[in-house]
There are 2 protein chains.
Amino acid sequence: MRSRSVTKHKSPDERADQILAAARACFLERGYFATKMDDIARAAKLSKGGVYFHFPSKREIFRALVQAEFDRATAFMDQVVDEEGDLLAQLLRLGDHFVEAFAADATMPRFMLIAAEMSLRDEPIRQMLLELQEAYIERLTAILERAIADGHLRQIDARATAIALKSLVDGVQAAYAVGYEPNRDRLVEATFALIGNGLAPR
Amino acid sequence: MRSRSVTKHKSPDERADQILAAARACFLERGYFATKMDDIARAAKLSKGGVYFHFPSKREIFRALVQAEFDRATAFMDQVVDEEGDLLAQLLRLGDHFVEAFAADATMPRFMLIAAEMSLRDEPIRQMLLELQEAYIERLTAILERAIADGHLRQIDARATAIALKSLVDGVQAAYAVGYEPNRDRLVEATFALIGNGLAPR
DNA sequence: CCTACCGATCGGTAGG
DNA sequence: CCTACCGATCGGTAGG
């Protein structure tokens, strides 16, 4: 009686997700180049050949991970902007998003740093990051413009201000990635004071 | 008659600088891992063995480049802070510093991005970056505190505000590194409007 | 400082 | 015949 193995096959999507999760952990720990396909395979409990069955190359695995980060971020943003509400509520929600994202998934800043560095040599990744940046800035600009129209903000250059605000968040994110960890509450409070009232004496 | 080459030897320091300049160009173009020691040697017009005569490893070459960036930055900051002057003048000078640094040396943001990514796996580099960050923030905090004492600023959390401002600059730098190039004048103007007066309606 | 070369290891692919 | 893999190994290249 021949033993016939019951299917230990997972669906392609499940396998792909399993590989992506394993690869993400490896890239975070060692960076892109120091991560070997064997590392990814071992972490995914497959052979290297098995990984190559699902992905054509190491680079495509990394791109898929950047794409996933992109999708998560844009989905959240649309949710924030679609909901009506006043400026303060939306900015607080956006701020919460970033603070929570850093806190809940401490790996995100690190991954974004690795992705940004990869973008210097990988045009598809660069395009994704530029698109994501533009998406954030457009949403933020829209929020600011609506607030100006409603008289909740003074007349400012909405788009340039949006870029400045997004840059602030990116800078904080980069600091966290390298391990510079400012007190979160103080930073959030100071940032909202800065945004709200500026530095000028009352 | 044996041909005896007139000394084509440069001083060790000159050679080291020549190698560092060549290496910097290579790292900027290809990143750390894709840069081979042969690439550096060729760019420096030496053999690979020649490069290894002056530096013990590829990693030490990269660390020396980060150190050089560190020295440049701290020297400039001390210059800005030592000069007396009112807040606006100092912030403008600091702002000019960054804007000029991005403009005059367009490679700097890119190099800093590569260095930040390297810091994830290289503790000495990470320490240098953290020290540099702390140095910037301390200087900026000192400027803000002096301005508060002089009544030119309202009472704010100087250090947390300094971190926010430095993050803003870092975020802009990161954007430039990836090739997101906002209009400089608009961004500077919006940033100063934000810092000066905040967003609240007058 | 170069030439010649090593020990080791890599991403990707073959046959079954 | 196909699918989802694995063990083994290739050609080429790396830092030193």
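Letters go in sequence order (proteins before strands), and every chain restarts at 1. What you are looking at is a predicted structure, and each value in this text was computed from that prediction instead of being measured.
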At under 4.0 Å, does any side-chain N or O of R15(A) touch on OP1 or OP2 of dC5(D)?
yes
Integer-rounded Å distance: dG12(C) P and D39(A) CG:
14 Å
Taking dG15(D) as the reference, what is the distance to dC5(C) when you measure between their C1' atoms (whole Å, please)?
13 Å
Just to be sure I understand: a Watson-Crick pair is purine N1 to pyrimidine N3 plus N6-O4 or O6-N4, both under 3.5 Å. Using that and G-U wobbles, which stems of three or more pairs involve DNA chain C?
none
Does the pair Y176(A) and F98(A) meet the rule for a ring-ring contact (aromatic ring centres under 6.0 Å, His included), with working shown?
CA-CA 12 Å; Y176(A) 272 96; F98(A) 289 117; over 10 Å; no
Side-chain N,O (Y52(A)) to OP1/OP2 (dT13(C)) below 4.0 Å:
no
Counting only heavy atoms from other residues, nucleotides and ligands, does the tally under 6.0 Å from OH of Y52(B) exceed 12?
yes
Are more than 12 heavy atoms from other residues, nucleotides or ligands located less than 6.0 Å from atom CD of E189(B)?
no
If we check salt bridge (Lys or Arg N to Asp or Glu O under 4.0 Å) with R159(B), which of these qualifies: E145(B), E138(B), E134(B)?
E134(B)
Looking only at the side chain of K58(A) (C-beta and beyond, no hydrogens), which of the listed nucleotides dC2(C), dG12(C), dC5(D) gets closest?
dG12(C)
Check whether any side-chain nitrogen or oxygen of H54(B) sits under 4.0 Å from OP1 or OP2 of dC1(C), and answer yes or no.
yes
Using atom CZ of R42(A) as one end and atom P of dC6(D) as the other, report the distance to the nearest whole Å.
14 Å
Is any NZ, NE, NH1 or NH2 atom of the basic residue among R42(B) and D39(B) found under 4.0 Å from an Asp or Glu carboxylate oxygen of the other?
yes
Charged N to carboxylate O below 4.0 Å: is that the case for K166(A) and D170(A)?
yes
Side-chain donor-acceptor distances from residues 43-50 of chain A under 3.5 Å, at least two apart:
from, atom 1, to, atom 2, distance (Å)
S47(A), OG, G49(A), N, 3.4
S47(A), OG, G50(A), N, 3.0

Between E69(A) and R72(A), is there a side-chain N and carboxylate O pair less than 4.0 Å apart?
yes
Residues of residues 22-38 of chain B with a heavy atom under 4.0 Å from any atom of DNA chain D, listed by number, are T35(B), K36(B), M37(B)
In whole angstrom, what separates F55(B)'s CZ from dG15(D)'s C1'?
16 Å
Distance in angstrom units between E60(A) CD and dG12(C) P, rounded:
10 Å
Span that lies between the C1' atom of dG16(D) and that of dA4(C), in whole angstrom:
13 Å
With a 6.0 Å cut-off on the ring centroids, do F27(A) and F111(A) count as close?
no
Nearest whole angstrom, please: distance from the C1' of dC2(C) to the CD1 of I40(B).
17 Å
When the C1' atoms of dT9(C) and dG11(D) are compared, how many Å lie between them, rounded to an integer?
13 Å
When the P atoms of dG12(D) and dA8(C) are considered, how many whole Å apart are they?
22 Å
Heavy atoms of other groups near R184(A) CZ, more than 12 under 6.0 Å:
no
Counting side-chain heavy atoms from CB outward, which of dC1(C), dA8(D), dC6(D) is closest to K48(A)?
dA8(D)
From the candidates dC5(D), dT3(C), dG16(D), the one with an atom nearest any side-chain atom of F53(A) is dC5(D)
